[in-house]
Amino acid sequence: MKTSALLATVAFALAASGGTATAADNVVKLGASVQLTGTNANTGRYYQDAYRLTVDKINDAGGIKIGDKTYKLQLDILDNQSDVNLSVRQYVQLLKSDNVDFLLGPFASNFALNDSSVAEKYQVPMVQGGGASGQIYSRGYKYIFGTLPPADDYFASTIDMLGKVDPTPKTVALVAADDSFDVSVAEGTRKHIKDAGMKLVLDKQFRDGGGEFSSILSQIKSSDVDAVLWTGHETDALNFIRQAKSLNVNPKDFYSFTVGVPTADFRQALGKDANYAFGMTSWLPNESLKDKWFGDAKSFADAYQKKYGYAPDYHAASGAADVETFAYALEKAGSTKPDAVRDAIAKSDFDSLYAHVKYGENGQIDLPQIVVQIQDGKLVPVYTDHMLNKPQYPIPAWGKR
Amino acid sequence: MSAAEPPILQAKGLTKRFAGLVSVDHVDFSLARNEILGLIGPNGAGKTTLVNMISGTLRPSEGELAFKGERIDTLPSYRRAHLGIARTFQVMKPFPGLSTLDNVAVGAMFGTGGGEKSRAKAREKAREWLEFTGLGNRLEASADSLGGPDRKRLEFAKALAMEPELLLLDEVMAGLTAVEVDQVVELIKKIRDQGVTILVIEHVIKAIRSLSDRVLVLHHGEAIAEGDPATVLENPQVVEAYLGKRRA
Amino acid sequence: MIRLAIILVGAAILACLPFFTGAVFMQFAINALILAVLTQSWNIIGGFTGYVSFGNSTFYGLGIYGTAVAMVKFSLPFAVGLGCGAVLAVLAALLIGIPILRLRGPYFAIATLGLAAATGALVSTIDLAGANTGLVLPLVRADTMFYELALGLLLVCTLTVLWIATSRFGAGLVAIREDEDAAATMGVNTTAYKVIALMMSAFFTAIAGGIYAYWISFIDPSSAFDPTLNVRMVIMAVFGGPGTVLGPLAGSFILSAVYEVLSSWISTAAALLFGIVIVLAVIFTPRGIADVLVGVRRHGWRYLTRNIRENRL
Amino acid sequence: MNETVLSIRKLTAGYGGAPVLFDVDLEVRAGEIVALVGSNGAGKTTLLRAVSRVLRAEGGIAFNGEDILPLPPEKVFSRGLVQVPEGRQLFGAMTVEENLRMGAFRRTDKRTLKESFEHVYGLFPILEERRRGLAGNLSGGEQQMCAMGRALMAEPKLLLIDEMSLGLAPVIVDQLLDVLTDIRSRGVTVLLVEQDVFAAFSVADRGYVMETGRITREGPVSELGDDPAVREAYLGA
Amino acid sequence: MLLVQILVNGVLLGGLYGLMGLGMALVWGVLNVVNLAHGALIMLGGYLTYYLFTGLGIDPFVALPIAALGMFVIGYCLQRFILNLIVRSAMLNTLLITFGLSVVITYLAQLLFSADFRTINPTYSGANFAVAGITIPVVSLAAFVIAFVLAGAVWWLLNEMTIGRAIRATAQNLTAARLYGVDPRNIYALTFGIGAALAGVAGGLFGILTHLTPYVGATLTAKSFVIAIIGGLSNPFKVILGGIVIGVAEQLASLYLGPTYIDVISFGLLVVVLVVRPARSLRAA
């Protein structure tokens, strides 16, 4: 018994003697803890890959100038195993023992919510492109910035478009997951639906990750709505479509999903059943998006595809913009002091492969969503504030495809 | 039986049914203070069920049960233990992970009147009872390391440490050799001499004969005979149902 | 007496640690201390009473939410919040305990598991508790305070367990664990004892939850009612030796350290290795570390293969 | 003299390093009923467990001339060495009939199964009456009958019976003893371990007395029953 | 009409639930092992079916028996070489070791199959037909039928076959079974193998109906758990019935209370069943 107590103390002490690495000169260290394993690993990898690619690109181009010295960026990435508690610990570790200078974010709103507290606690800026929930920015924190547009406006452009198509949907069903991000989306969407003069006849919330929609689908069928607006996570979107087909549920005109549609995995998993699905993205690899390091968004996408073997989506682009935010802010601040950099980030104003980056008062970027649709297995941008391509509308019933 | 004092235990119309099967069927009996009552009967006659109803492990489906004139048939087991009823189990139930001393100390701590509140004093008492039952040299042995006869002694010590007024013994002699049976009979007599009333369930007829003041015979849940051992054990009905011709 | 000395000296040494270590260690240590409190609290109901509870994460969640709702929605101070969480959890233990502690063995374990899942799911539908989106607590930069609080709680909890191990109450609990029917007929008020043990367990668990909530500053149902946390409590207690005073502490500190080392050194394979460690530990040391120390002293390293021989078919 | 069915030579066995049996020699010949008596903890049950190979042991155990020490329990069983264990050990949630069928688990000649059933039901009519009932719901005496019936279904050459009379009413014990005699008349050899020396000696041919892991006396029961030392130790005053 | 459709959905879903619970109940009832790795085995069965379908082009329903066979082998080996080492230690230890195994299986799966989600998506996966205005998805119906057929097979095995009786005998009394010629090492491994095979089929169907990731196991274990308890451990058909009860209860809860209440209902039901049927629970203790 005595020995076991001793053993415990030793183990405890061992963990106490964590390593203390010293940062090399002329290097700015960026740190992030992302989901490389566990339930969120599927999307988490976008962030690791985008961070890597962008840091390498910036270093290859000679690094960044701070004052009159040239600095290289260095990237420390830890795997939080999709465990929120671990990710919080890892961010502290990054700051306090791995001595990183600045923080990049994890994926998903609930992680961003927890991890940004570390940034705020130690007053080191974190720029994250993985959480869109309004909750992250409503706490009055000063050190958290985000490159995903506000969740409440995700459906704004979609609803805008619905006003301009024929026939215009009159009745709408809203199906939303119950997590932080989707609750924000749903709240905003209800308002947009009302403003557009449409009628919300079915408003259903489901357990995030539950994957079981037959009851909701049967209710959609019996209420015979014109359009379905759906928000949740990717696998749930997948199940929703598959179950809609097997229960033969067809909204009269239209359905749209906040996530999934832009990703290649999603289209591949669903095959032909993915066709006609509408979705949205805050980013498309257009040549019109000019970038200091990559040239434009398309070259970014090509480089990414070449290096990692899969196509980037808006998660990746948003992650790249996070790294670039630091690059611009460091040069502008002319210092690596956290407070100086923080103020420089707040004043960010630059074009990037992702978008024009400019943070609002609360630290969040504002971007319109581009409405996209899968047409014959291809992702086609349809609408921003005007029609880009002709939508396949209304969506044909399952039996008539 | 002294006429002046009310019986220490009185059962009236005691009945237990399990899912329609009647295990004990309207049994009446009483126990006078300081008496030894032998309870015999074929397997499945309801003897253990009867003991379970007295100790509170089972609730009677019907009937009344009084201890020293007070109704106890709805009290939970621990309350009956506090009143002074202790029992042993047919399948012995020591606390296997504890030493013999701690096993018996539980009895001393929680027995009649709620037991001894101080753990140290309870262990002191437990030591005395282990001496009394002949286990004084095995205080620190773990209970599941004890062999058959020692287990029975432990079972006795646990019950005695509760300082009961009524002790229910369920087949404490099963599996003992004739000589060991004689030892246990002596032990039980010694306990009775301390003023304890005892109910004994047993198949060892020799022991029943030499111990009991009275014998009660159960068959199919009904009391078929009651009286002094000699008479009951010659009752033809008892011989037919239970004893067999060879032993009568 | 020796145990009391070890506990007090250990606590005194640990209390000084914040002055010699950095923020990363604090971060790890607060987590480890909270886990140790959870393990030690579980030990009261699981180790001493023998009721393998998978419902302690319910009390943890209630402690977290009691504290958070009181602080966020009613602007009460932290201390009052802790009290709310504790009262909530203890009441829940009382109400839940009476029906559920009638079940035995695996049935109790499963009922508590179901309960934990149901409570988590229920809380995530309550608007006052922020539904499934969680609650944000005010941010405090005071890790040393949280560390000392958690350490203090662990000390009180461990002293309580020490008292249990040496008291009449504890003897009653152990009797229930060893044989409940026999305990009842020997005069132990089994229902009351079990429920009280569960309430004590719930109390410490809930306070730990409250400290965690304020420290981490953002909570949601999936982190507050995490069922794997309960599995971790069980593993740590069993690894250390359930039903002992110091075993659960040793178990939780060692496993916390192992997990931390694994996840910071070999990040991606950490969970895999952790799983393998559990499997091997169960095979070679089925009775916990406390028993390993005794066993190895007696039988040398053959103790390990001996365990297999005893437990295999 | 009949041939030897079971021959045990210098058998040592025990639990977890602590030996319980020391150099036990014992012999059972075809057609005999042999009684093994002794006080509690003398090692009688340990001996049976060693013989049926559930327990590690050293020394020699030969069954019909074959060394069975290296065999696993199921092989020993297949050779026709069948045990009725202490405490009956029925399959409580299975019907009486299924319990009997389990006795025939290793039998390959399923055709004669019906005869075996008839034989067992003939010996214990109550089992036929209760054949659809669960074994766990039987009374103690009926359970012992079921256990013996199950053993007989295996068509044993040697039957080991452990504490047959334990916890049974005298009238039931008498019935079972009668059945033993009947079984023997059909050519089954029996080794009976008993606490109740009266009962055991009333049907056995020869007896062994075991004390603290050693055989101390052996001989025909008539001689053993008259031996004053045995009388004093096991038959009581 | 909506209500009827919802009930049909619940019943069909319940068949698959029941099949998930079946393997769990078998292993639990026979080996007294609450197999926390059951969900991980379901997941593994799903991936096996997936690779047979996408890799070798075998129709998923043809692939099911092959996957079941593969899972049987895996299950047999797990029990024979790992779980048999600890069967005689405390019940808690079997819980811990199966938990450890579930972690190992999950993260091995992640290394082998990556964290990406997969679906088994044959051309007919969304096929359906209508009866009196009620839509019936073909695959769900097939899953339902398969669940019943397999429950029947398990029942037949346990009650009418010698090996099945040996399995039950071993479950009830290990010592006696050994004395009567049963080799428990083999029987235990066989039982666990059958449990794993049932999990494999459930996994394949699960993959056709929804999606697979290496992490789906934990939820499925919990679900199988609930169903095994509600259905009881003795009769395979009752387990399927338990699945249907849960399926219908979830759908009704989803309709009347909202889908976020699904877990409250299924786990709440579990607790209620345990508490109001204490007689059975106490007897089994």
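Hydrogens, waters and symmetry mates play no part in the numbers below; they use all other heavy atoms, side chains included.
Only the side chain of B:M162 comes within contact range of chain C, with at least one heavy atom under 4.5 Å from a heavy atom of that chain. Within the 4.5 angstrom heavy-atom criterion, only side-chain atoms of B:R87, from C-beta onward, approach chain C. Using a 4.5 Å cut-off between heavy atoms, C:T166 touches chain B through its backbone atoms (N, CA, C, O) alone. When heavy atoms are compared at a cutoff of 4.5 Å, B:N103 approaches chain C solely by way of its backbone atoms N, CA, C and O. For chain C, no part of B:P76 is nearby; none of its heavy atoms comes within less than 4.5 Å. Using a 4.5 Å cut-off between heavy atoms, B:I85 touches chain C through its backbone atoms (N, CA, C, O) alone.
Counting heavy-atom pairs under 4.5 Å between each of B:A81, B:G115, B:P94 and chain C puts B:A81 at the top. Counting heavy-atom pairs under 4.5 Å between each of B:R79, B:M109, B:K158 and chain C puts B:M109 at the top.
Side chain of C:R168 to main chain of B:R119: no donor-acceptor pair is present (N/O by atom type, distance under 3.5 Å, no hydrogens or angles).
Heavy-atom neighbours of B:R33 CZ from other residues, nucleotides or ligands within 6.0 Å: above the threshold of 12. C:R302 CZ: 12 or fewer foreign heavy atoms inside a 6.0 Å radius. Heavy atoms from other residues, nucleotides or ligands lying under 6.0 Å from CD of B:Q194 number more than 12.
Near-neighbour residues of residues 169-180 of chain C relative to chain B, defined by a heavy atom under 4.5 Å from a heavy atom of that chain, comprise C:G170, C:A171, C:G172, C:V174, C:A175, C:E178, C:D179.
Closest heavy-atom contact between B:S55 and C:T185: OG-CG2, 4.0 Å.
The shortest side-chain heavy-atom distance between B:Y78 and C:Y193 does not fall under the 4.5 Å cut-off.
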